[in-house]
K.L.:
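This is the structure, below, for whatever I ask next.
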Amino acid sequence: MALRIAFSSPSIRSSTASPSSSCGNQPPSSLSRFLGCPHGRSPGEPLTASGRSRRAAVVARSNLETAVPAVGQVTEVDKDTFWPLVKAAGDRIVVLDMYTRWCGPCKVMAPKFKELSEKHLDVVFMKLDCNQENRSLAKELGIKVVPTFKILKDGKVAKEVTGAKYDDLVVAIETMKSS
């Protein structure tokens, strides 16, 4: 079984462009004018070594057959992609950031969470926007406050850190890695 995962911004589905391609040759649309290009990148915005925009979030879209979770970055998941990616993580630890877009402490923790994903390459980091669309998954995972960080091992929640408690999150990750 093979799964194709397309990484794109949540509102755009486009073909993959090489980092060197010019977006100026694309036909204009109201969305591309708003975003700067059909790939979600502003004109002149620098790319990372992998050819991605620095501000782009990774969104996993899958056909749910199998999945390959990313390491070294934070993968945005939803109610449809979360469990397949957790299953695909196998025996690796999964850390899930449950947040909302309007939450101030969530916004403070986001860059710190990204740094942790770049530091702990043996851990899978995911984030879930606890909006109306993903309410069923948030309820299933027992969220009460945001941000909440769920640490899963073997597909089961093993630890939880509630609130913007960075030091507690680091300790929880280290504890899970050593157990």
Side-chain angles (χ1 to χ4, degrees), residues 3-13 40 52-179:
L3 168 70
R4 288 176 288 146
I5 297 180
F7 293 98
S8 64
S9 66
S11 60
I12 301 173
R13 284 200 167 181
R52 292 192 182 113
S53 168
R54 288 187 185 150
R55 67 184 175 110
V58 176
V59 178
R61 306 247 187 250
S62 71
N63 66 8
L64 305 181
E65 289 176 14
T66 63
V68 180
V71 293
Q73 63 187 14
V74 179
T75 303
E76 176 106 26
V77 295
D78 61 27
K79 62 182 172 36
D80 298 322
T81 59
F82 175 69
W83 287 114
L85 288 171
V86 168
K87 183 179 179 183
D91 61 352
R92 285 186 284 179
I93 295 167
V94 175
V95 183
L96 175 66
D97 174 7
M98 300 174 76
Y99 73 100
T100 60
R101 292 183 186 166
W102 50 262
C103 167
C106 298
K107 292 176 184 178
V108 170
M109 288 296 290
K112 295 176 182 181
F113 191 69
K114 185 175 183 330
E115 287 175 13
L116 286 173
S117 74
E118 294 166 353
K119 179 181 176 189
H120 297 278
L121 298 177
D122 54 341
V123 176
V124 176
F125 287 81
M126 300 178 189
K127 65 181 187 173
L128 174 73
D129 186 354
C130 296
N131 57 21
Q132 202 62 18
E133 205 174 278
N134 295 315
R135 186 176 182 180
S136 60
L137 178 58
K139 202 171 190 179
E140 178 184 343
L141 293 170
I143 188 170
K144 293 178 177 74
V145 300
V146 289
T148 293
F149 300 92
K150 301 279 186 173
I151 303 175
L152 295 90
K153 186 159 187 165
D154 300 320
K156 295 182 176 117
V157 176
K159 287 198 178 292
E160 176 181 284
V161 176
T162 57
K165 300 173 187 162
Y166 177 77
D167 293 336
D168 292 354
L169 179 59
V170 171
V171 168
I173 293 169
E174 293 294 339
T175 301
M176 290 303 299
K177 285 174 68 171
S178 65
S179 65

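Along the sequence shown, the residues carry numbers beginning at 1. Hydrogens, waters and symmetry mates play no part in the numbers below; they use all other heavy atoms, side chains included.
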K.L.:
Is there a donor-acceptor pair closer than 3.5 Å between any side-chain N or O of Lys159 and the backbone N or O of Met176?
P.N.:
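Side chain of Lys159 to backbone of Met176, a donor-acceptor pair under 3.5 Å: no, none is there.
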
K.L.:
Could you report the tightest heavy-atom contact between Val86 and Gly155, atom names first, then the distance?
P.N.:
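Answer, listing the atom of Val86 first, then Gly155: CG1-CA, 3.7 Å.
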
K.L.:
Tell me whether Asn134 contacts the main-chain N or O of Asp78 through its side chain, where contact means a donor paired with an acceptor under 3.5 Å.
P.N.:
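The answer is no, because no donor-acceptor pair under 3.5 Å joins these two groups.
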
K.L.:
Hey, what do you get for CD1 (Ile173) to CG (Asp168), rounding to the nearest 0.5 Å?
P.N.:
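Output value for this atom pair is 11.0 Å.
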
K.L.:
Closest approach of Met98 and Ala138, non-hydrogen atoms and distance?
P.N.:
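Where Met98 meets Ala138 most closely, the heavy atoms are CE-CA, 3.8 Å.
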
K.L.:
Is any side-chain heavy atom of Val124 closer than 4.5 Å to a side-chain heavy atom of Thr75?
P.N.:
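Side-chain contact under 4.5 Å: no.
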
K.L.:
Holding to side-chain contact (heavy atoms from CB on, under 4.5 Å), I want the full list of residues that pass it with Glu118, two or more places apart in sequence or in another chain.
P.N.:
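Listed in chain order: Lys114.
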
K.L.:
Are Val74 and Asp97 close enough that some pair of their side-chain heavy atoms sits under 4.5 Å apart?
P.N.:
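No, side chains not in contact.
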
K.L.:
So, do Leu141 and Leu96 sit near enough that their side-chain heavy atoms are less than 4.5 Å apart?
P.N.:
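Yes, close enough: below the 4.5 Å cut-off.
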
K.L.:
Specify whether Phe125 and Phe113 have parallel, tilted or perpendicular ring planes, treating 30° as the upper limit for parallel and 60° as the lower limit for perpendicular.
P.N.:
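Because their plane-to-plane angle is over 60°, the rings of Phe125 and Phe113 count as perpendicular.
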
K.L.:
With rounding to the nearest 0.5 Å, note down the distance linking CD1 in Ile143 to OH in Tyr99.
P.N.:
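Here the interatomic distance stands at 11.5 Å.
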
K.L.:
Any non-hydrogen side-chain atom of Trp83 less than 4.5 Å from a side-chain atom of Glu140?
P.N.:
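Trp83 reaches Glu140 side chain to side chain.
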
K.L.:
Can Tyr166 and Val108 be said to form a side-chain contact (heavy atoms from CB on, under 4.5 Å), step by step?
P.N.:
CA-CA 10 Å; Tyr166 177 77; Val108 170; over 6 Å; no

K.L.:
Taking only residues two or more places apart in sequence, or in another chain, which ones meet Lys177 in a side chain to side chain donor-acceptor pair (under 3.5 Å)?
P.N.:
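For Lys177 the side chain to side chain donor-acceptor pair (under 3.5 Å) partners, ignoring immediate neighbours, are His120, Asp122.
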
K.L.:
Might you point out which heavy atoms bring Gly142 and Lys150 nearest each other, and give the distance in Å?
P.N.:
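Heavy atoms of Gly142 and Lys150 come nearest at O-NZ, 4.0 Å.
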
K.L.:
side-chain contact (heavy atoms from CB on, under 4.5 Å) for Thr162 and Lys144? Distances and angles first, verdict last.
P.N.:
CA-CA 9 Å; Thr162 57; Lys144 293 178 177 74; over 6 Å; no

K.L.:
Please round to the nearest 0.5 Å and tell me the distance separating atom CG of Asn131 and atom CZ of Arg101.
P.N.:
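One finds 6.5 Å between CG of Asn131 and CZ of Arg101.
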
K.L.:
Check whether Ser178 reaches the backbone of Glu174 with its side chain - one donor and one acceptor, N or O, closer than 3.5 Å.
P.N.:
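Between the backbone of Glu174 and the side chain of Ser178 there is a qualifying donor-acceptor contact (under 3.5 Å).
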
K.L.:
Nearest 0.5 angstrom please: Leu152 CG to Lys87 NZ, how far?
P.N.:
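So the gap between those two atoms works out to 15.0 Å.
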
K.L.:
Determine whether Cys130 and Leu128 make a side-chain contact, defined as any pair of heavy atoms from C-beta on separated by less than 4.5 Å.
P.N.:
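The answer is yes, as the side chains (C-beta and beyond) meet within the 4.5 Å cut-off.
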
K.L.:
What are the two closest heavy atoms between Glu76 and Lys127, and how far apart are they?
P.N.:
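Nearest pair, atom of Glu76 first, then Lys127: OE1-CE, 2.9 Å.
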
K.L.:
Looking at Phe149 and Gly163, what are the two nearest heavy atoms and their distance?
P.N.:
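Taking Phe149 first and Gly163 second, the nearest heavy atoms are CE1-O, 3.7 Å.
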
K.L.:
Would you say the side chain of Val71 lies within less than 4.5 Å of the side chain of Val123, judging by non-hydrogen atoms?
P.N.:
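Contact flag for Val123/Val71 side chains = no.
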
K.L.:
For the residue pair Met109 and Leu169, establish whether any side-chain heavy-atom pair is separated by less than 4.5 Å.
P.N.:
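A side-chain contact exists here, since the closest heavy-atom pair is under 4.5 Å.
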
K.L.:
Which atoms form the tightest heavy-atom contact between Thr100 and Cys103, and what is the distance?
P.N.:
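For Thr100 versus Cys103, the nearest heavy atoms are OG1-CB, 3.2 Å.
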
